[in-house]
Amino acid sequence: MIPSKQPSAAPVKLLVLAILSCFSGTSVFAASEVNVNAAGFQPAASPITIVQEGASNTVGIVENAAQLDSAVKQTGTFNRVAIIQLGNDKAVLLRQPGVFNRALVVQVANTAQDRQNIDARQGEGVNAVNYIYSLQTSANSTKPIEAEFGRLTLEQAKVVANNFVLAPEVSRVNVGMLEDISLNFNSVLENQIDQQRFQPCSEPTSTAQNSDAGGSEPLPLACAGKPFFATMGYSQANKASAPGFSGYDHSIRSATLGSYFWLNPQTKLGLAFQYTDSHSTVKDGLGSVHAKGYQIGAFGSFSDAGYYLDAIGNVGRVDFSADRFGGASRVYSDSKGWHYTGRAQGGYFFENGGLRFGPFASASYSKGTADGYQENGSTLLTQVIDKQTRERISASLGGAFHFNDTLAGYPVSSYLKAEVVRDLGRGSNDVLQSRFSFSPQMVMTPLNDNTADTYGRVSAGVNVALRKDVKLTFSGTTLLHTDRLKRHNAYLGLSVDF
């Protein structure tokens, strides 16, 4: 497991001084800018020295002048650095003794007399999965990749440096969105079961026959219908960044259409379809992802003498369209993903007049797979991303309340559920594999975005019977006390019994 980012024992040091005698002895002000830990590029003077301790640090340095000296030392795990020097007489000293480090060092000469020096070392050994791309070229090179680096302006070099440091983690947003969309559909079906749990199914006569009883027993009238329901939903998910993963803000709009029927007075089954249109904004201004999802779900509920058992499942496909670094440096991609999710819950209700209350337990499983894809755009910015998956297993204990009453003459039923969820944090990928279009070398990004967690979950709903066969529903769910994930869902539905 890669540790999350920790405060350094000593602060990051940005020193304007020469550190080695091999560097230039005379320092002149240079058009240099430095970006430390994604705080944004800031002007600096050469020579530059940066020392970082701990895990998951980043450095970007871009320079365009003469006599440029830069030195970076990163002593922990999963550190990333990009140094691009344009102009004459340059030197780079780089040390990354840890594992899962990533480095880009490019020097572009303006004249044939230019002096260029790169001294870069990374950790070695069987566990040292590191990546370095170093290039020394000239502004008039005719080789395709070298020519693209040679044409960079200072502003363009900042985009390339920032992209190298952060871009591989952006692709992990796709599997996060898959999980959000899948769990949103499960919440719709769960709320549908909870809202209809105590719908009457005991009227004494009907022309419909109960096939399980050989046609000899009449099926209760309320059980003979086939209610259809339609639900519009809005969900908001916010996930914090973690090593190997860019955080995002995700909004989901969904439309669900379904129906259910009774096998007998104790057993109910249902089927539903959902369409989702969602948009995610990646943190740190790294881009956005638009997704359209198509899901089918099934649910069932059995109850007897206060006991009940529910089962919910769904499967679906999601089409992604991603856009990074807008404007002249736009990078875009289209890809697909698949997901399936299941939830089982059971409990017992005590009854006291119109109030029912009792404990329940649940278990959930979800899995999403995002297909591999090739980005489109500048060769210096685009990537090839391998297929990736994420699994999640959770269990919960909680209490539920149901209450029946009237409001302005309309029958109203409401429910409230509160549970403590233990997320076991199971993940299928330990490492994300990708590569930049300018290099065939594989980039190995460690993942720490699916760790175990404990949090609260609250769901509630109100069902208003406008007529005997028409019901209006309001419901929603939210998560409580989560440091890395926030998720809120709200639904408006209509149920009609034909």
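Being a predicted model, the structure only gives us computed values, none of them experimental. Note: hydrogens, waters and symmetry copies are ignored here, and every other heavy atom, side chains too, is used. Position 1 is the first residue of the sequence; numbering continues from there.
In this structure a side-chain-to-backbone donor-acceptor pair under 3.5 Å is missing from Q295 to S182. Side-chain atoms of T389 do not come within 3.5 Å of backbone N or O of T369 as any donor-acceptor pair. Side-chain N or O atoms of N79 include one that pairs as donor or acceptor with a backbone N or O of N57 at under 3.5 Å. Between the side chain of K268 and the main chain of Q196, a donor-acceptor pair closer than 3.5 Å is present. Using modelled atom types, no side-chain atom of T482 and backbone atom of Y455 make a donor-acceptor pair closer than 3.5 Å. N264 places a side-chain N or O within donor-acceptor distance of the main-chain N or O of Q266, the cut-off being under 3.5 Å. At least one donor-acceptor pair closer than 3.5 Å links the side chain of E375 to the backbone N or O of Q383. Here the side chain of Q388 pairs a donor or acceptor atom with the backbone of S171 at under 3.5 angstrom. Panel note: side chain T473, backbone G493; a donor-acceptor pair is recorded below 3.5 Å. Proximity of a side-chain donor or acceptor of N130 to a complementary backbone N or O of G123 within less than 3.5 Å is detected.
In this structure the side chain of L407 never reaches within 4.5 angstrom of the side chain of V464, judged on heavy atoms. When side chains are defined from C-beta on, S396 does not count as touching R457, because their heavy atoms never get closer than 4.5 Å. Between V81 and Q96 the shortest side-chain heavy-atom distance falls below 4.5 Å. Residues V129 and V99 have side chains not in contact (no heavy-atom distance under 4.5 Å, counting atoms from C-beta outward). At least one side-chain heavy atom of Y260 sits less than 4.5 Å from a side-chain heavy atom of Q192. Annotation: side chain of Y133 is not in contact with side chain of Q441 (no heavy-atom distance under 4.5 Å). Within the 4.5 Å cutoff, the side chain of K367 has no heavy atoms near those of the R390 side chain. Contact of the N37 side chain with the Q52 side chain is registered, since non-hydrogen atoms from C-beta on lie closer than 4.5 Å.
Classification of K387 and D371 as a salt-bridged pair fails, no side-chain N sitting under 4.0 Å from a carboxylate O. Under 4.0 Å is where a charged nitrogen must lie from a carboxylate oxygen, and between R435 and D386 no such pair does. The existence of a salt bridge linking R484 and D453 is excluded, since no basic side-chain nitrogen approaches an acidic carboxylate oxygen closer than 4.0 Å.
Within 6.0 Å of atom OH in Y307, 12 or fewer heavy atoms from other residues, nucleotides or ligands are found, so the atom counts as exposed in its surroundings. Crowding of R253 atom CZ: a count of heavy atoms from other residues, nucleotides or ligands under 6.0 Å not exceeding 12.
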**Message:** Evaluate Y373 against F320 for ring-ring contact (aromatic ring centres under 6.0 Å, His included), listing each step before the verdict.
**Reply:** CA-CA 11 Å; Y373 60 94; F320 297 103; 8.6 Å; no

**Request:** Applying side-chain contact (heavy atoms from CB on, under 4.5 Å), run through R392 and T341 and close with a yes or a no.
**Result:** CA-CA 9 Å; R392 188 177 297 277; T341 300; over 6 Å; no

**Item:** Derivation and outcome, side chain to side chain donor-acceptor pair (under 3.5 Å), residues D277 and H290
**Value:** CA-CA 8 Å; D277 187 288; H290 182 245; 3.1 Å; yes

**Message:** Assess the residue pair D423 and S394 against the criterion (side chain to side chain donor-acceptor pair (under 3.5 Å)); give the C-alpha distance rounded to whole Å, side-chain angles, the decisive distance to 0.1 Å, and a yes or no.
**Reply:** CA-CA 4 Å; D423 189 333; S394 63; 5.8 Å; no

**Request:** With side-chain contact (heavy atoms from CB on, under 4.5 Å) as the test, would you mind laying out the steps for Y131 and N101 before giving the verdict?
**Result:** CA-CA 6 Å; Y131 174 98; N101 291 309; over 6 Å; no

**Request:** Show your working on side-chain contact (heavy atoms from CB on, under 4.5 Å) between V175 and R172 and close with a plain yes or no.
**Result:** CA-CA 6 Å; V175 291; R172 191 65 176 168; 3.6 Å; yes

**Step-by-step side-chain contact (heavy atoms from CB on, under 4.5 Å) determination, V458 to L416** = CA-CA 7 Å; V458 175; L416 173 66; 3.9 Å; yes

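In this structure, CG in N489 is found 3.5 Å from OH in Y491, a value given to the nearest 0.5 Å. One distance of note links CZ of F273 with OH of Y294; it measures 14.5 Å at 0.5 Å rounding. Going from atom CD of E190 over to atom OG of S301 covers 11.5 Å, rounded to the nearest 0.5 Å. In this structure, W262 CH2 and T267 OG1 are separated by 11.5 Å, a value rounded to the nearest 0.5 Å. In this structure, Y234 OH and I252 CD1 are separated by 9.0 Å, a value rounded to the nearest 0.5 Å. Atom CZ of residue R330 and atom OG of residue S378 lie 13.5 Å apart, to the nearest 0.5 angstrom.
Applying the salt bridge (Lys or Arg N to Asp or Glu O under 4.0 Å) test to residues at least two apart or on different chains, none of the pairs has a partner in residues 288-307. Within the structure, the ring-ring contact (aromatic ring centres under 6.0 Å, His included) test picks out the following pairs touching residues 387-423 (sequence neighbours left out): F198-H402, F349-H402, H402-Y415.
When only modelled atom types and interatomic distance are considered, S437 and T382 share a side-chain donor-acceptor pair under 3.5 Å. With 3.5 Å as the limit, one finds a donor-acceptor pair spanning the side chains of N184 and S235.
Contact detail for S434 and I385: the closest heavy-atom pair is CB-CD1, 3.6 Å. Residues A230 and L257 share a closest heavy-atom pair of CB-CD1, 4.2 Å. For the pair G300 and I193, the tightest heavy-atom approach, listed with the atom from each and the gap, is O-CD1, 4.0 Å. Nearest heavy atom pair, residue T58 against residue A38, reads OG1-N, 3.4 Å.
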Pair up each side-chain donor or acceptor in residues 158-170 with any protein partner under 3.5 Å, not counting sequence neighbours, and list the distances.
{"from": "K158", "atom 1": "NZ", "to": "E33", "atom 2": "OE1", "distance (Å)": "3.2"}
{"from": "K158", "atom 1": "NZ", "to": "E155", "atom 2": "OE1", "distance (Å)": "3.3"}
{"from": "K158", "atom 1": "NZ", "to": "E155", "atom 2": "OE2", "distance (Å)": "3.1"}
{"from": "N163", "atom 1": "OD1", "to": "R324", "atom 2": "NH1", "distance (Å)": "2.7"}
{"from": "N163", "atom 1": "OD1", "to": "R324", "atom 2": "NH2", "distance (Å)": "3.4"}
{"from": "N163", "atom 1": "ND2", "to": "L381", "atom 2": "O", "distance (Å)": "3.0"}
{"from": "E169", "atom 1": "OE1", "to": "R102", "atom 2": "NH2", "distance (Å)": "3.3"}
{"from": "E169", "atom 1": "OE2", "to": "R80", "atom 2": "NH1", "distance (Å)": "2.6"}

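The aromatic rings of F245 and Y248 sit perpendicular to each other, their planes meeting at more than 60°, with 30° as the lower class boundary.
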